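Reading through the structure tokens given below for one structure.
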Number of protein chains: 2
Amino acid sequence: MNEGVEWALHSCLNLTWVDDGQAVTAAKLAAFYELPAAYLNKQLQALARAGILTSTSGPRGGFRLARRPEDITVMDVVAAIEGPEEAFRCEEILRQGPGGHEDVDYRTTCVISQSMRRAELAWRRELSRQTIADLKATVESRFPYTPDSTRSWFANLRT
Amino acid sequence: MNEGVEWALHSCLNLTWVDDGQAVTAAKLAAFYELPAAYLNKQLQALARAGILTSTSGPRGGFRLARRPEDITVMDVVAAIEGPEEAFRCEEILRQGPGGHEDVDYRTTCVISQSMRRAELAWRRELSRQTIADLKATVESRFPYTPDSTRSWFANLRT
DNA sequence: ATAACCTGGATATTACACATCCAGGATCGC
DNA sequence: GCGATCCTGGATGTGTAATATCCAGGTTAT
């Protein structure tokens, strides 16, 4: 699994704590965790293309959440970074076996493929259950100071 | 996810259909799907180390299931091939952030890490539910001829 | 004794994740 | 208008892990 998933989720969470309507540049989001700015920017672009963030060009530009945290699931973020492919990709080796047919789609026919897909669906379902708002609420209940300290960190940052 | 998982599961299933007590060589198991024999052999060794297969040296040697198909879960096979690592490995970027502590284990503390782990547990639980015997039964009910044709394919194979 | 077969380490080869860079375009403030 | 800021997207480099092969050594059946 892509490391960018971790970066993206943390960045989304941080964006919930900055002043509303305030855009944050990729450079600042990267500085928060000392991440490579150019590469994090790529991930943020992916989030923007997926409709999770909106981006603004020019001075005072940057990224902000495109929707309310309640309407962004963890699965949305993971899918935006990881792409549409499944973790288990069936290579349809049954086609090479005896009795294999050229024109059969073994990704749907093969019992093993189905079994792996079922597990992956359980994974997706679990990730879809949690929203950014849920994560935010959990963090805030455990670490009440986080919203203030995060907001002020971004406010006081000198690049 | 490792392609070897697919090979290993299909090979385990095939082993349920050969005559009991009959060992099958890595070369034969590979020939069934036209897989690279030397590489499949590596995966079979991993299954043997995990106690899923037993291996026998010498003429008439090869691999066979170490336990009854009912006692081998799909998760067992996946874990043997993939290793113990989780798909999402938390890099603990919180440590690099403001207020990060050297001595905190963020893999257990971080809310995002917990969320990803919860999803992965759902995935594992689903894979643990299915056994090789379940897969075998499903295949046999949908394709009744598979046991016979598989057994005879291995019996008639000339290397 | 010999041939069949697994074992485990060494060694390519290849694909992809990770990372950087740059030219181009949008936007703001002056 | 102009320059500074910042996103966009493509090209490119780098490093590591998955893929794949090979071989020397050990075990066992005939």
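This one's a predicted model, so the numbers in the text were calculated from it and none came from an experiment.
- Other residues, nucleotides and ligands place no more than 12 heavy atoms under 6.0 Å from the CZ atom of Arg107(B).
- Rounded to whole angstrom, the span from the CD atom of Glu3(A) across to the C1' atom of dC18(C) amounts to 8 Å.
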What are the atom names and distances for every N/O pair under 3.5 Å that joins the protein to nucleotides 6-9 of chain C?
residue: dC6(C); atom: OP1; partner: Ala26(B); partner atom: N; Å: 3.0
residue: dC6(C); atom: O3'; partner: Ser55(B); partner atom: OG; Å: 3.2
residue: dT7(C); atom: OP1; partner: Ser55(B); partner atom: OG; Å: 2.5
residue: dG8(C); atom: OP2; partner: Arg49(B); partner atom: NH1; Å: 3.4
residue: dG9(C); atom: O6; partner: Lys42(B); partner atom: NZ; Å: 2.6

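- Ion pairing between Glu92(A) and Arg95(A) holds under the 4.0 Å rule for side-chain N and carboxylate O.
- Side-chain N or O atoms of Arg142(B) include none that pairs as donor or acceptor with a backbone N or O of Ala137(B) at under 3.5 Å.
- Asn2(A) places its CG atom 14 Å from the C1' atom of dT16(D), with the value rounded to the nearest Å.
- Taken from OG1 in Thr73(A) to CD1 in Ile132(A), the straight-line distance is 8.0 Å, to the nearest 0.5 Å.
- The nearest whole Å value for the distance from the CD atom in Glu34(A) to the C1' atom in dA19(C) is 17 Å.
- A straight line from CD of Glu85(B) to C1' of dA18(D) spans 14 Å, rounded to a whole angstrom.
- Residue Met1(B) contributes atom CE, which lies 15 Å from atom C1' of dA17(D) at whole-angstrom precision.
- For the pair Tyr106(A) (side chain) and His101(A) (backbone), a donor-acceptor distance under 3.5 Å is present.
- Atom NZ in Lys28(A) sits about 15 Å away from atom C1' in dC7(D), given to the nearest Å.
- Atom CD in Glu82(B) sits roughly 12 Å away from atom C1' in dA17(D) (whole-Å rounding).
- The 12-atom threshold is not exceeded at CG of Asp20(B), counting heavy atoms of other residues, nucleotides or ligands nearer than 6.0 Å.
- Separating the OH atom of Tyr39(B) from the P atom of dA12(C) is a distance of 18 Å, rounded to the nearest angstrom.
- When each of dA18(D), dA3(C), dT20(C) is scored by its nearest atom to the side-chain atoms of Pro59(B), the top-ranked nucleotide is dA3(C).
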